[in-house]
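Working notes for the structure below.
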Amino acid sequence: MSRKMKNKVVTDLKIERIATEGKCVGHHDGKVVFVKDVAPGDVVDVRITRGKSSFMEGEPIHFHEYSKDRVEAFCSHFGTCGGCKWQHINYDLQKSYKRQQVVDQFSRIGKVENMPEVLPILGSENTRYYRNKLDFTFSNNRWLTREEIDSGAEFERNALGFHIPKMFDKIVDIEHCYLQGNISNDVRNELREFALDNNLSFYDIRNQVGLLRNLIIRTSSTGESMIIVQFGADTQEEIEMVMAFLKDRFPEITALLYIVNLKKNETFNDLDVVTYAGRAFIEEEMEGLKFRIGPKSFYQTNSEQAYELYKVTRDFAELEGNEVVYDLYTGTGTIANFVAKQAKQVIGIEYVEAAIEDAKLNSKVNGIDNTLFYAGDMKDMLNNEFIAKHAKPDVIITDPPRAGMHEDVVNMLLQLEAPKIVYVSCNPATQARDVALLSEKYSLDKIQPVDMFPQTYHVENVVRLTLKKS
Ligand SMILES: C[S@@+](CC[C@H](N)C(=O)[O-])C[C@H]1O[C@@H](n2cnc3c(N)ncnc32)[C@H](O)[C@@H]1O
């Protein structure tokens with residue numbers, strides 16, 4: 001950053017609109033200023049944290065006027081915790097900003113001729129307690145507020161909560177989280193108290209030592225819950241103490257699991273998961289279909305909105321029963337199994353082998369026998385040999401990660417010329433980029449944003465592409 005700009009304060013900046021990644025935008029001296037944690041309509045003094053020749057970034061240090069669209073933030077951790085960053089903006093506006101993001105990305109990046117109208121976003125009925133999975137971290141380095149530091153007093157430094165954005169070793173101790181209902185807050189708070197009362201060590205990430213490392217809580221709309229505790233030390237007596245406490249105190253937990261993780265990172269796809277009590281999975285249900293979710297399985301984190309998303313996907317696919325459908329990036333095969341009844345055959349492809357095992361199991365559990373699932377990297381799997389072995393698709397459903405599809409995959413889709421492509425994405429920018437590439441042969445005829453994550457700037461988007469007549 002230019003030294004001249006560092007710590008410079010821009011006064012009376014009028015915040016004009018929301019830009020990408022939830023930051024807001026104002027203008028100063030002919031430059032765009034991106035500001036976090038404000039709302040359009042606020043007038044603020046901003047301390048510049050980053051400056052380039054064409055733009056600046058900063059944080060608010062004083063509010064002169066508050067936007068009329070603001071609402072009271074409901075969470076005591078607002079501003080410190082990295083989640084729920086939009087809770088100071090009323091929900092109707094959140095929805096319209098999200099829809100506008102899709103409009104902007106498709107106009108700017110998509111550059112598609114005859115772009116259809118972006119449909120109104122499908123809002124979430126629950127705007128709080130909508131997540132079915134949260135991941136909390138134990139730490140011996142609790143984030144202290146400015147007031148706590150200034151007071152000079154001694155504070156408890158052990159914490160169980162979320163990472164402070166961009167600080168890998170600092171954790172905000174969470175008292176109440178509005179993202180997950182059921183027993184989530186009780187389990188977290190009582191486990192923390194139990195650990196403090198019994199002098200169990202909280203993880204020290206810098207030195208990679210400590211017993212209690214991480215707590216994952218998964219819940220399902222069927223009322224089941226999975227608790228996974230990750231331990232950073234293999235001291236069985238202490239592990240037994242923690243697990244026995246959870247089992248006795250929360251008999252309603254249906255899957256109580258633990259992992260001993262002595263690695264440098266918290267990922268556990270390559271580690272053994274021990275079932276301490278109950279089952280090794282929980283179940284979700286949709287239209288009578290059951291989906292098994294193991295500790296390593298991906299499942300959309302907002303179950304109610306996942307159902308809306310899948311219904312849009314199925315509607316856009318307009319299946320009549322005789323189609324071969326490819327479900328690319330199938331995860332645990334949820335979309336594949338969800339549409340299987342309406343198709344002749346569904347073929348799912350996914351990178352993670354364990355997810356493919358779950359996908360097959362989910363077909364079996366539900367008596368679905370017209371699905372096939374394959375594990376591998378999409379750009380390697382989806383080749384001429386694969387197509388020759390299976391029937392050519394009539395409909396392709398694709399739901400890639402945030403980075404979008406690999407160029408080779410896009411080229412393969414252009415070569416395949418399936419009559420319809422339904423593209424689901426959690427990142428409209430990469431989706432718009434891929435749609436622009438596909439527009440050589442496809443017309444874009446439907447765009448439906450879905451809000452999976454209220455109180456955040458994230459937006460899910462489904463589009464339908466139809467093969468142009470040659
Ligand atoms: C957004 S999730 C979609 C999950 C699924 N459609 C659902 O609704 O549950 C994207 C999936 O793509 C998978 N994936 C990421 N990169 C991949 C690649 N190069 N090849 C195949 N699958 C990949 C991830 O493992 C993940 O399961």
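First listed ligand is number 1; within each ligand, the first listed atom is number 1.
In this structure, Leu467 CG and Ile421 CD1 are separated by 8.0 Å, a value rounded to the nearest 0.5 Å. Put simply, CD1 on Ile356 and CG on Leu361 are 12.5 Å apart, with the number rounded to the nearest 0.5 Å. Separating the CG atom in Asp37 from the NE2 atom in His88 is a distance of 6.5 Å, to the nearest 0.5 Å. Rounded to the nearest 0.5 angstrom, Asp327 CG and Thr371 OG1 are separated by 10.5 Å.
For atom 12 (O) of ligand 1, the nearest non-hydrogen atom from the set Phe298, Tyr329, Tyr299, Phe291 comes from Tyr329.
At least one heavy atom of Pro401 sits less than 4.0 Å from an atom of ligand 1. Heavy-atom separations between Ala403 and ligand 1 are all 4.0 Å or longer.
The shortest N or O to N or O distance between Ile349 and ligand 1 is not under 3.5 Å.
The protein non-hydrogen atom at the shortest distance from atom 20 (N) of ligand 1 is Met378 N, 2.9 Å. At the top of the distance list for atom 2 (S) of ligand 1, counting protein heavy atoms only, stands Asp399 O, 3.9 Å. For atom 21 (C) of ligand 1, the closest non-hydrogen atom of the protein is Tyr351 N, 3.2 Å.
For the pair Gln230 (side chain) and Glu266 (backbone), a donor-acceptor distance under 3.5 Å is present. In this structure, the side chain of Glu304 does not engage the main chain of Glu125 through any donor-acceptor pair within 3.5 Å.
With ligand atoms numbered from 1 in the order given, ligand 1 contributes 11 (C), 12 (O), 13 (C), 21 (C), 22 (N), 24 (C), 25 (O), 26 (C), 27 (O) to contacts under 4.0 Å with heavy atoms of Glu350. Taking every non-hydrogen atom of Val352 and a distance limit under 4.0 Å, the qualifying atoms of ligand 1 come out as 25 (O). Less than 4.0 angstrom separates some heavy atom of Asp377 from each of these atoms of ligand 1: 18 (C), 19 (N), 20 (N). Using a 4.0 Å cut-off to heavy atoms of Thr330, the atoms of ligand 1 that qualify are 5 (C), 6 (N). Set against the non-hydrogen atoms of Thr334, the atoms of ligand 1 under 4.0 Å away are 9 (O). Ligand 1 places these atoms under 4.0 Å from at least one heavy atom of Tyr310: 7 (C), 8 (O), 9 (O). For ligand 1, the atoms lying closer than 4.0 Å to a non-hydrogen atom of Gly376 are 20 (N), 21 (C).
Residue Gln300 touches ligand 1 through its side chain alone, judged by heavy-atom distances below 4.0 Å.
In this structure, Lys247 places its NZ atom where only 12 or fewer heavy-atom neighbours from other residues, nucleotides or ligands lie under 6.0 Å away.
In this structure, Lys36 is not positioned above the aromatic face of Phe34 in the sense of NZ or CZ being under 6.0 Å from the six-membered ring centre and within 45° of the axis.
For the 3.5 Å distance criterion, the side chains of Asn265 and Thr267 qualify, holding a donor opposite an acceptor.
Here the side chains of Val103 and Arg99 are in contact, with some heavy-atom distance below 4.5 Å.
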